[in-house]
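Counting from 1, the numbers follow the sequence of the chain as shown. Read the numbers this way: they start at 1 and go in the same order the structure lists the ligands and their atoms.
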Amino acid sequence: MTYQNYSLKQLQHIDAAHHLHPFTDHKELRAAGSRIITRAEGPFIYDLEGAEILDGMAGLWCVNVGYGRDELADAAYRQMKELPYYNSFFKCSTPTPVLLSKRLAEIAPKGIDQVFYGSSGSEANDTALRLVRHYWALEGKPEKNRIISRQNAYHGSTVAGTSLGGMEPMHQQLGGAVPNIVHVMMPYAYELALPGESDHDFGLRAARAVEDAILEAGADKVAAFIGEPVMGAGGVKIPPASYWPEVERICRKYDVLLMLDEVITGYGRTGEWFAATTYGISPDTITTAKALTSGYQPLSALLVGDRIARTLVEKSGEFNHGYTYSGHPVACAVALANLDIIEKEGLVERVKTDTGPYFAQALQEQIAGKGLVGEVRSVGLMGAIEIVKDKATKERFEGNGKAAVVVRDHAIANGMMLRATGDTMILSPPLIWTRATIDMACERIAKALDLAEADLRAM
Ligand SMILES: *Cc1c(COP(=O)(O)O)cnc(C)c1O
């Protein structure tokens, strides 16, 4: 049963008849038909009709080493032949998660030496939530269980992930969040800085919202603060340099644990192995997934700092939590091969010293001047383009994000995959992009912006 026996129309019809998609308006999808991607190579994806599209999103923030890597396929194949699965419950282990844990402890920031595995970022955040609450209970402070997060944060789509996250439309369909999670303002200067307020001052003010929430609850009731170093799905919101050090200072002052969600930023995206290093902070937990395997296998790793790990080991009975696929041997084998590639090809260093700065410059020089663009920003190889009706006043087009969809559709038709979230275009390409790939992307995006502007101004 190969898909080649089906026409595009037939596959779209079957897809519509039987396949419920994530984050999708199914009525709309059924009217339009899905785009069916059949293969990919290097930085390009190809759809069933043969269109070649430059993948500006690395799949969904994950394919950092690009497509078509035989090393990863071989690692999976060898592991599947030798031992496709065994669990790590009941005092068992298999070799690949053992070796991957050592490897992750080596590249993780200092003071982080333990790993708990799952199969997705959402699962890892569920683990993180339980673990920090369990930690305080073991420390004799079970009432210190509140978590502070941020509006518009994305921490996954399970009940715990949605509860930790601050996405209003997701909460509306949740029917009751996990209790004792509060959300404070995000460090999004473009929309939230006051007139005349410097980035530096805005960053401090956004950090103080964390302190206010701690004081309101009482420090003895607050377990942890969780945040994405750079908010991803919420629109690549890059905090001012003053934000994270101040958040860390506040967390330490009130003995509140610092949890970073690096599901996007982990493994090189910001030009360091972890964005904790980019922002100079020392978290107690780091949630990672996506680029850990470059998306070739589902795998998450919650990196656990020594403070929590020590208590867990010394005071715990059983931690009543885990997944069938925790430490899956095939996924871990692929992760090891993936880290080999990142290391061998110097991708993290390349983002830091070459492609990251070039990407920032290209966005400024080729995109920022376009009529629809209110702001461009980037860190490493993740970037955002704000779509506005009026550059000076930052006025948006009507229709809550409809304008960005017009830009996106022109971009895809132009061979450029990027994502629209609200009124923001976002980019998170594979780390294998070169200067030439960045130029190609900017050229295609510039053209899409021009075409979209003609459409939007004529409406
Ligand atoms: C994607 C993402 C998640 C959820 O990961 P899944 O693998 O989709 O469950 C969590 N946090 C952040 C920051 C993400 O970008």
Intermediate values then yes/no, salt bridge (Lys or Arg N to Asp or Glu O under 4.0 Å), Arg350 and Glu345: CA-CA 9 Å; Arg350 199 212 283 188; Glu345 299 184 4; 5.2 Å; no
Test log, rule salt bridge (Lys or Arg N to Asp or Glu O under 4.0 Å), inputs Arg307 and Asp255: CA-CA 12 Å; Arg307 175 179 178 180; Asp255 202 17; 2.9 Å; yes
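- Applying the 6.0 Å contact sphere to NZ of Lys394 captures more than 12 heavy atoms from other residues, nucleotides or ligands.
- Applying the 6.0 Å contact sphere to CG of Asp25 captures more than 12 heavy atoms from other residues, nucleotides or ligands.
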Candidate pair Lys253 and Glu211, rule salt bridge (Lys or Arg N to Asp or Glu O under 4.0 Å), full reasoning: CA-CA 10 Å; Lys253 178 175 174 190; Glu211 183 163 34; 3.5 Å; yes
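- The immediate protein surroundings of ligand 1, defined as residues with any heavy atom under 4.0 Å of it, consist of Ser120, Gly121, Ser122, Asn125, Tyr154, His155, Gly156, Glu228, Asp261, Val263, Ile264, Lys290.
- Using the six-membered ring where Trp is involved, Tyr323 and His321 have ring planes that are perpendicular, over 60° apart on the 30 and 60° scheme.
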